[in-house]
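What follows is a set of notes on a single structure, which appears directly below.
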Amino acid sequence: MSGGLHIIMEERYSPEAVEVKWQQYWESHGIFSTSEDTSKEKYYLLEMFPYPSGKIHMGHVRNYTIGDVVARYKRMKGYNVLHPMGWDAFGMPAENAAIDNNTHPAAWTYDNMAAMRKQLKKMGFSYDWNREIATCRPEYYRWEQWLFLQMLEKEMVYRKESYVNWCEHCQTVLANEQVEADLCWRCSQPVQQKKLWQWFFKITDYAEDLLLHCDKLPGWPGKVTLMQKNWIGKSVGSEVSFDIEGMDGEIKVFTTRPDTLFGSTFMCLAPEHPLVESLSRGTEQADAVKAFVEKISRQERSTDALEKYEKEGVFTGAWCINPTNGRRMPVFTANFALMGYGTGAVMSVPAHDQRDFDFARKYDLDIVVVIQPEGETLDPATMEEAYTGEGLLVNSGEYNGMKNRDAMAEITTWLEKEGRGKQTVSFRLRDWGISRQRYWGTPIPVIHCDTCGVVPVPESQLPVTLPEDADLLENGGSPLPTLDFFARTTCPVCGRQDARRDTDTMDTFVESSWYFVRYCSPRCETAMFDADAVKYWMPVDQYIGGVEHAILHLLYSRYFMRVLNTLGLIDFKEPFTHLLTQGMVCKETLTCPEHGYLFPEEALPTGEGFKCVKCDNTVEVGRVIKMSKSKKNVIDPNILLEKYGADITRLFCLFAAPPERDLEWNDDGVEGCHRFINRVWRLVDLCREKCGDTPAYDGPMEGLSEDAKNLHRKGHQTIKKVTDDIEDSFHFNTAISAVMELVNAMYSANLNGDDEGMKGVAAFCMENIVLLLSPIVPHFAEELWERMGHDASVVDHTWPQYREDALVSDEMLIVIQVNGKLRSKFNIRADADDDAIKAVALADEIVMKHVADKTIRKVIVVKKKLVNIVV
RNA sequence: GCCUGGGUGGCGGAAUAGGUAGACGCAAGGGACUUAAAAUCCCUCGGAGCAUAGCUCUGUACGAGUUCAAUUCUCGUCCCAGGUACCA
């Protein structure tokens, strides 16, 4: 300010210092710690908690940024917001990492949690860290064990024998993803199917209710509820009993097509069907059947694997009788018949089911047509595929000539009258097998005693603590069965000293099925949760997470709430009122012909494309796909945080695409956001320089200059647009665009004169730009707010409101079309009526040129929008 | 195969109770400032054509249709993504 050589240093926003400053401010003032406050309306906002893998990735950053904006927005709207964070801390990666790095799963997990907590704090998310939970802590899982015991008592959980992938060499169970081409991932030995006794939750008891309420979740994306409906897979059909020739007993089948019953020519049983052995015993087929059943039992049963196997079967040597026409039907056992669906037996109707048709052709079995399509005659000898459409019945005794739709009910009625069947419902959904022969999980709280059988651990002995000083086995198996101090115990009923604990642990989906309830009272030591806290906070108002959890996690959580409801612990059934499934973060892959996939930093830009940092080869730029470590197309959030800080990273995640859509990562785009942030930063300085201390003007339009009115309107329109975009659809990208427009308008506005009204309006707009951006770029907004001279923190400010009377314009723009093509436009008073508008349009010079000598056939006037002249 | 979504500039994306297609941003090109660079600011930017301050035609995957008017509604086709699959 003193001499002539005054250099104006353009001050820029520097995230490093500012972000730490405000994070410390929020933390030291306890801004985000929440408690039940009945004077305020609550809002429970939840993002899916992460698995503590060690580092946050861009998917987390995006998910949690979306959530944080909503949380901060709702807070400004006056809600009492619950916004917790925690760790889905049990699971196999910890075991693998422990073996690979010679650490312990617990140490590895706790270290990772610390590292990720630090990263999340750096992002400035508004979590109530006092409520942090980790599912691997005994204080958490003891209540899961407690719930298991309640369920056991109410017979909501049971034990049965079921198959697992087993590696004989490693003596361990393998998850489906550990089976690679039927071989063990560790030792490359063949994987077998082994039958083990395992625990199941009776989720099927709730199949009907879970299905029914899919239609009562208006806050969920339709595609998610649809996926759940398909997963539950209800089908209505009939159960039919077939007599077995020369034997007592019968074979029960489930069919959705009772109308084709007359056309059933053979029967297929699942290899595990109890009748397979007894039917074939003593026949010349016995050995073949035995061999077949054994072969199938060795095959992997994962859904992926099923596709590989061709449909095949073996005749059991037995025959059954079609109840409608007395036809002798050979009974097969076939690999496509599933013990877990229906009754485990299929009545095969080759003429009208493609799979049965293929099977019949393969084994040269009879094909009988019982439904003829209109205007066509099917001949089994020449048919090339099954006919599955509608038609009239033939070869069906008294039902001949009947429409097949009508015959379904008629035949079922007949079956019921004869005592040979009835209408039933079948679900695709199976009971939830929760036993995992794994170490790093919640121990199942039961004891096996040779005298008393399965005995629940007494409640007073909970938690059954997972021994954390166990060494993992090299082969990946669980050490728990080998730990006598854990596994050997005393039977709580009879006192036998040689009782054994169940050494299986629970599926980690169990922990994530109720963690959101625990957040309501995370330190409660006397119960799973505090009933009053849950009554206040639950259900979750808005849940946000990846669509990959659309089925299992969300369905299990819905199921768990039903269990808690049945047990009388809660009074609601649905955990999540609104659900947002955000898209994936994607990026193109980079491949070097010599070094394979490259990380982005391993490819140097050459102007045209990229070359490999190691070998100078030209890098091939591949398709844009989901970021994944294996494809190396990842951006480490840490690098962004260092270069741009949290706010710019957040801004880009929101600006690049609407949340439900996939986000394509683009480095240039981040740079653009950086530029915008600095543009706002400088605007504040500019505004202060031009407007000084002029107070923000938020009054009516009257008395303002034309320019001031326009800016005033733009300001209020922006508030409305941003509010609506967040409220209606979380479309932050368009909300940010709107603020950008206002910023542009501010730069264009003339603040040099002595138009005091204009300055007041500009001051108002400036404040609102900061307020509207504050949930998105909170540190930046706090800093600006302070620089603007406000004492109070921006997080405690209320969300801006717009004036209805400031939205309206004196004039409106009308476009003129001739035959639907845009030809001209004009401004007119906002209160002009249709006739006036029409008159102006018809008098328009350009319009007259286009109309020329043609006759005007019709003139359409659309209110406040356009005039279309048809010639 | 079946069930969902979705195909809009060089790119990310706007706009659908049918009514100015391409908001906002990125990239690109041109210019200003600067010794220079960075930063910043201004202009141009779907395609084609022409008598080139402008005008005309064309354009929202493709082909039909409804309408004064279609990115938006209907039917058919092709592609892409996600879910699911021996479900009897």
With rounding to whole Å, what would you report as the distance between [N] and [M] at their [atom1] atoms?
N     : M     : atom1 : value
B:C42 : B:C33 : P     : 15 Å
B:G13 : B:G6  : P     : 14 Å
B:U74 : B:A85 : P     : 30 Å
B:A51 : B:G46 : C1'   : 25 Å
B:C62 : B:G9  : P     : 10 Å
B:A70 : B:G10 : P     : 23 Å
B:G7  : B:C11 : P     : 15 Å
B:U58 : B:U4  : C1'   : 34 Å

Which part of the nucleic acid, if any, lies within reach of [X] when heavy atoms closer than 4.0 Å are counted: base, sugar-phosphate only, or nothing?
X        : value
A:Asn868 : base
A:Val870 : sugar-phosphate
A:Ala334 : nothing
A:Asp353 : nothing
A:Gly546 : nothing
A:Leu226 : sugar-phosphate
A:Gly233 : nothing
A:Gln817 : base

Among [options], which nucleotide has an atom closest to any side-chain atom of [X]?
X        : options             : result
A:Leu338 : B:G25, B:C26, B:A88 : B:A88
A:Met740 : B:G25, B:G83, B:A88 : B:G25
A:Leu822 : B:U20, B:G19, B:C86 : B:U20

Heavy atoms under 4.0 Å is the rule here; annotate nucleotides 41-61 of chain B 5' to 3' with B where the base is hit, S where only the sugar-phosphate is, and - elsewhere. S--------------SSS---
Would you mind building the protein contact string for nucleotides 7-15 of chain B? One character per nucleotide, 5' to 3', B for base within reach (heavy atoms under 4.0 Å), S for sugar-phosphate only, - for untouched. -----BSS-
Send over the distance from [X] [atom1] to [N] [atom2], rounded to a whole Å.
X        : N     : atom1 : atom2 : value
A:Leu552 : B:U84 : CG    : C1'   : 12 Å
A:Trp231 : B:C3  : CH2   : C1'   : 14 Å
A:Tyr341 : B:C87 : OH    : C1'   : 4 Å
A:Asp356 : B:C86 : CG    : C1'   : 10 Å
A:Ile860 : B:G18 : CD1   : C1'   : 12 Å
A:Leu654 : B:G25 : CG    : P     : 17 Å
A:Phe336 : B:C87 : CZ    : P     : 9 Å
A:Ile551 : B:U4  : CD1   : C1'   : 12 Å

If you assign each of A:Leu813 and A:Asn744 to its closest nucleotide in RNA chain B, which residue comes earlier from the 5' end?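 Result: A:Leu813.
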Starting at the 5' end of RNA chain B and moving along, which residue's nearest nucleotide shows up first, A:Met584 or A:Met339? A:Met584
Give none if [N] has no partner; otherwise give the nucleotide forming a Watson-Crick or G-U wobble pair with it, both distances under 3.5 Å.
N     : result
B:A53 : none
B:U60 : none
B:G12 : B:C24
B:C78 : B:G7
B:C68 : B:G19
B:A39 : none
B:U34 : none

So, applying side chain to side chain contact (heavy atoms under 4.5 Å, CB included) with A:Lys721, which one of A:Val739, A:Ile726, A:Thr734 is it?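 By the side chain to side chain contact (heavy atoms under 4.5 Å, CB included) criterion, A:Lys721 pairs with just one of A:Val739, A:Ile726, A:Thr734: A:Thr734.
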In this structure, which one of A:Val680, A:Leu683, A:Leu751 forms a side chain to side chain contact (heavy atoms under 4.5 Å, CB included) with A:Met746? A:Leu683
Classify the angle between the aromatic ring planes of A:Tyr363 and A:Phe332 as parallel (below 30°), tilted (30 to 60°) or perpendicular (above 60°).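 Geometry flag for A:Phe332 against A:Tyr363: tilted rings.
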Is it the case that the side chain of A:Thr589 and the backbone of A:Lys631 share a donor-acceptor pair, with hydrogens and angles ignored and the cut-off at 3.5 Å? no
Could you tell me whether a side-chain N or O of A:Ser737 sits under 3.5 Å from a main-chain N or O of A:Asn733, the two making a donor and an acceptor?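 It does hold such a pair.
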Hey, is [X] close enough to [Y] for a salt bridge, meaning N to O under 4.0 Å?
X        : Y        : answer
A:Lys295 : A:Glu312 : yes
A:Asp834 : A:Lys863 : yes
A:Arg688 : A:Asp685 : yes

Closer than 4.0 Å, any side-chain N/O of A:Lys825 to the OP1 or OP2 of B:U20?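 For A:Lys825, the contact criterion (side-chain N or O under 4.0 Å from OP1 or OP2 of B:U20) is not met.
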Would the A:Phe652 and A:Tyr644 ring centres measure less than 6.0 Å apart? no
Would you check, one step at a time, whether the test side chain to side chain contact (heavy atoms under 4.5 Å, CB included) holds for A:Ile203 with A:Tyr556? CA-CA 8 Å; A:Ile203 189 173; A:Tyr556 291 154; 4.0 Å; yes
With a 6.0 Å cut-off (strictly less than), is the heavy-atom count around NZ of A:Lys643, excluding the residue itself, greater than 12?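 No, not enclosed.
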Classify the side chain of A:Lys858 versus the base of B:C68 as yes if they form a donor-acceptor pair under 3.5 Å and no if they do not.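 Donor-acceptor pair under 3.5 Å: no.
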For residues A:Ser235 and A:Thr256, is any side-chain donor paired with an opposing acceptor at under 3.5 Å?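 On atom types as modelled, these side chains do not qualify, holding no pair under 3.5 Å.
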Any A:Leu842 side-chain heavy atom under 4.5 Å of A:Ile856 side chain: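 Touching, per the 4.5 Å side-chain cut-off.
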Using the glycosidic torsion, which applies to B:G13: syn (within 90° of 0) or anti (everything else)? anti
